[in-house]
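So that the names make sense, note that chain A is the first sequence line, chain B the second, and so on, each numbered from 1.
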Amino acid sequence: MPYDHKKIEKKWQKEWEKSKIYETNDQPKADWPRARNFYVLVEFPYPSGNLHTGHWYAFSVPDIFARKKRMEGKNVLFPIGFDAFGLPAENAAIKRGLNPKKWTYGNIDYMRKQIKSMGASFDWSREVITSDPEYYKWTQWIFLQFFKKGLAYQAETSVNWCPKDKTVLANEQIVGGCCERCGAEVEQKQMKQWMLKITNYADRLLFGLDKLNWKEEIKEAQRNWIGKSEGAEIEFRIKNLEFKIKVFTTRPDTLFGATYMVLAPEHPLISNLKPLISNLKEVERYIDVAKKKTQLQRQKAEKEKTGVELKGIKAVNPANKEEIPIWVADYVFMGYGTGAIMAVPAHDQRDFEFAKKFGLQTRTVVEPVTGELRENEEFRKSIVAVVEDSKTGKFLSINWGPKLGGNLFVGGGIDGAENYEAAACREIQEETGYKNLKLVSVSEKIHHHYVAFSKNVNRNINATGLHFQLLNNEKTPPRLENTEKEKFSLEWLSKTEVLDKVKDQLHSLVFRRLILGEAYAGSGIMVNSGKFDGMDSEKAKKTITEFVGGEIKTQYRLRDWVVSRQRYWGAPIPIIYCLKDGALAAPEKDLPVLLPEIKDYKPRSDGKSPLAKAEKWLKVKCPKCGSVAERETDTLDTFVDSSWYFLRYCDPKNEKEFAQKRKMENWMPVDLYSGGAEHTTMHLLYSRFWYEAMFDSGLIPKELGDEPYKDRRNRGIILGPDGQKMSKSKGNVIDPDEYVAKFGADTVRMYLAFIGPYNEAGSYPWNPQGILGIRRFLDRVWKFASPRGKTLGVFRDSTPSVEERGDFARALNKTIKKVGEDIEEFHFNTAVSALMVLLNEMEKVGASSENFSVFLKLLAPFAPHLAEELWSRLGNKASIHFEPWPKYDPKLVEENTFELIIQINGKVRDKFEVPVNISQSEAERLTLAREKVKLALENRKPRKIIFVPRRLVNIVV
RNA sequence: GCCCGAGUGGCGGAAUUGGUUUACGCGCACGACUCAAAAUCGUGUGACCGCAAGGUCGUGUGGGUUCGACUCCCACCUCGGGCACCA
């Protein structure tokens, strides 16, 4: 008989709410050490109006962990709230004529009920809603602390503007050049914006990661986002002028190869130079077009380089005093480095392409080094010749066979006074027979270390790569005039075949340089660099920087965080503008600066917030001089709201401060933070910054440290049954409510726990059949507990034998160990499997009510309602969810026999049961006595016998 | 292009200080119960060869180390994620 999940789940949810068992008390520190408190945090939801499968996955599975911690005796804080400000509320308001506040709070009421139907052990008494004035008062207050410290500032910058949502976006909110929310193409716009100096914290956010015990992939993604790169800042003089152009480069060693410079179209210097630019009109036209391009257009242009030279002026390369041209091009960005670069076409791919297109000079200053340096090397000059048949587009290669390096191009030494072209022609003719050739291009010298196997010597060669084209009159198949012809065969390879088959470092480098047109961006030996010639290029970085008076410098990809939003539904930025006194903090006693009620929420295309229309609200007295002033009309990015909510949970009702220090000390830092991978470089990075900035402002108790989350785990995502992301348009959306109605919350939770490993970035398709397996399991638990459908407590008709009891005790103890450890690791799937194994066992041999109680306790975090029901039916008065987590007997998790595996030459031939402490000699004796072994050995004598205690015997013959 | 992560039955997945590949669940097949079906219970289930005993192959591909490799090393392929004209 299946159990009645509707009745049971409703009953216990009511009961738990009534008895408030999940409300967490703050304990006085003296008799309640921090170690006994445990803070489990899940990312709070946005009140979109309906709970989807993702929410179930995000909340009900970590609930298993929270419940287990509670049973372990921890005082667990497991709070929930709503991240309630944000665009969708406003868009709904505009579309359906609803008040954003009403819409939001209506959704919250509905979703609160839905979340409660999970049977999760959230402490609802600490609920936090970021759009409550009691909450955003403190968001504003903390913002003002940052403002006073200069961390929040206003600046006119180029910002990402979403033309559809009519608001600015942070870099993190752009996906592929489009608005993350609505998908519209993002434009660049100059606007005055409030920003937070997250860049001041770039290094700290980076190094802070080292001490965190998070998964490496999460840390790596943040490191990538911060994007630290080390290099130098070097100044270039402009000829005959006082102006200087500062550039940032990671390759100061290539300074002698800088043959031109590029300024970003937005570079301020251009306007200063206007009078001297002879082609000003052309330049201005280019800048105009470039500025109008959206980020997407800049990317869509297939990276085709564009640019205009600033005619009439020249820069001076500080290394060799050479005069070089200055260009404007949109492949250089104002937002990174200094907005200007020195271009080294020989050693940077982008500069190389630009130089090729506009016919600019290229100069090699670093010669590549390949292979490994060996002792007693013999020096030689040589060539590598790539012969192309321009009709077929194929390249001539020689296949020497796998031993001698596979496919290579023609290569060989330069004899005596020969030049490289002559040497190459001679080698080509000798090895292939071709002689009508046209030289197309030549590479720089490449230093290559290798072993010449045929002559058994180590070599250091200095190789020149040459690209020849076969002249069309040479059609005859080549005839080899070489006695060595037996050794190799000629093959014509296409480009892709070359890349696939020519593995030699030197030869493939020549091909990439000459045929694919790749610039050499690696390190090597300095040339054409005056007194630095011959130096190792890595070493030259510092030396050359010093030589020209440059400065070693670090750059970050991370940009300051733009927090202004030109929209209604957010926390007003608590700033007042006075004509005389400028931007001032709203007085603390006036906080919160309440969001005014207005009628028209529509955003405006002039970049002003709808708040600008709330005239009464807008006008205030200047807090300094008392004259008429105006409020800031932008609101704060919702990522600001969510940057500190975990602190408010510690003390959610406090009216005097954002949270009492003592209460923060109770809970912070968060012991475990579970959330979605999509927040790794947004919320997770922002809130770390916010917390560090609060820490520096003395708002966080010192002893807590400056990192808010001790452990962070990202969960995977649940896909539709078809293995695709769930979406309405695909019609593959799983409605959790439907499954809860059909199978119950316990089944849905447990199925989600079972579907795959939780703390991995994987994605798991929802299998409508699969969930049935979990329901079957729970039905079997139910049936096991009530064998005759009525009374509980009798689990078996006949008494089990002593051996059976021993076996079961072992199985039970092993399960206790496994389930406990798996929950700790978030391996809920294998924990569920262990519970299934134990039930299978119990169904075979039965279980005393005592042992069954242990099973129930292990099940309780996964299926809280069912476990509670059966627990109470066993006659228990108190909730199972505060029962102590079962302990296992270490002696009983070990077996006293094991199956000894017998291998012959590593292949399994036999197996049999032996005692765990069996000696090697005894194991060998038993093994050799086995019929199967004798048969398999066929009278061969064992050469060696390997014995692995507790595992196997391997006979080597 | 660069940086992470992963590739195991029909499917989700299990197993790594190198030691029985495929636990658990789904699906499928057969059987029991039933007038029948569903539900439930039982048995089987990597591929190939074989009546069987048994054998051969098998953890993305190709090499290597080892008595022994899903696990370690080298080269590559595919998928997922992050970054990307970042100087």
Visitor: Could you go over nucleotides 66-75 of chain B and give all protein N or O partners under 3.5 Å, atom names and distances?
Guide:
residue: C67(B); atom: O2; partner: N954(A); partner atom: ND2; Å: 2.3

Visitor: Any cation-pi pair here, R749(A) with Y57(A), using under 6.0 Å and within 45°?
Guide: no
Visitor: Taking any heavy-atom pair under 4.0 Å as a contact, classify R350(A): base, sugar-phosphate, or nothing.
Guide: base
Visitor: Give a yes or no on whether a salt bridge exists between E843(A) and R780(A), defined as a side-chain N under 4.0 angstrom from a carboxylate O.
Guide: yes
Visitor: Counting Watson-Crick and G-U wobble pairs only, both distances under 3.5 Å, name the nucleotide matched with A36(B), or none.
Guide: none
Visitor: Looking at K357(A) and E304(A), is there a salt bridge between them, counting it only when a charged N and a carboxylate O are closer than 4.0 Å?
Guide: yes
Visitor: Once you apply a heavy-atom cut-off of 4.0 Å, does E760(A) come out as touching a base, just sugar-phosphate, or nothing?
Guide: nothing
Visitor: Taking OP1 and OP2 of A23(B), is either one under 4.0 Å from a side-chain nitrogen or oxygen of N840(A)?
Guide: no
Visitor: Give one of base, sugar-phosphate or nothing for S229(A), where a contact means two heavy atoms less than 4.0 Å apart.
Guide: sugar-phosphate
Visitor: Could you tell me how the ring of Y331(A) sits relative to the ring of F354(A): parallel (under 30°), tilted (30 to 60°) or perpendicular (over 60°)?
Guide: tilted
Visitor: Using OP1 and OP2 only, check whether a side-chain N or O of R557(A) sits under 4.0 Å from A87(B).
Guide: no
Visitor: Send over the distance from E821(A) CD to A15(B) P, rounded to a whole Å.
Guide: 12 Å
Visitor: What is the nucleic acid contact for Y764(A), judged by heavy atoms within less than 4.0 Å: base, sugar-phosphate only, or nothing?
Guide: sugar-phosphate
Visitor: Could you identify the nucleotide paired to G58(B), looking across every strand shown and requiring Watson-Crick or G-U wobble geometry with both distances under 3.5 Å?
Guide: none
Visitor: Any strand counts, and the cut-off is 3.5 Å on both contacts for Watson-Crick or G-U wobble. Which nucleotide pairs with C72(B)?
Guide: G64(B)
Visitor: Paired with C83(B): which nucleotide, if any, by Watson-Crick or G-U wobble criteria at under 3.5 Å for both distances?
Guide: G1(B)
Visitor: Hey, does R775(A) reach any base, or is it just sugar-phosphate, or nothing, if we go heavy atoms under 4.0 Å?
Guide: nothing
Visitor: Look at all strands and tell whether R223(A) reaches a base, only sugar-phosphate, or nothing, counting heavy atoms closer than 4.0 Å.
Guide: nothing
Visitor: In this structure, how many angstroms lie between the P atom of A6(B) and the CG atom of N714(A), rounded?
Guide: 15 Å
Visitor: Check whether any side-chain nitrogen or oxygen of R776(A) sits under 4.0 Å from OP1 or OP2 of G27(B), and answer yes or no.
Guide: yes
Visitor: Can you tell if the side chain of Q903(A) reaches within under 4.5 Å of the side chain of D910(A), non-hydrogen atoms only?
Guide: no
Visitor: Using atom CG of L778(A) as one end and atom C1' of U40(B) as the other, report the distance to the nearest whole Å.
Guide: 16 Å
Visitor: If you look at every strand shown and take non-hydrogen atoms under 4.0 Å, does V837(A) touch a base, only sugar-phosphate, or nothing?
Guide: sugar-phosphate
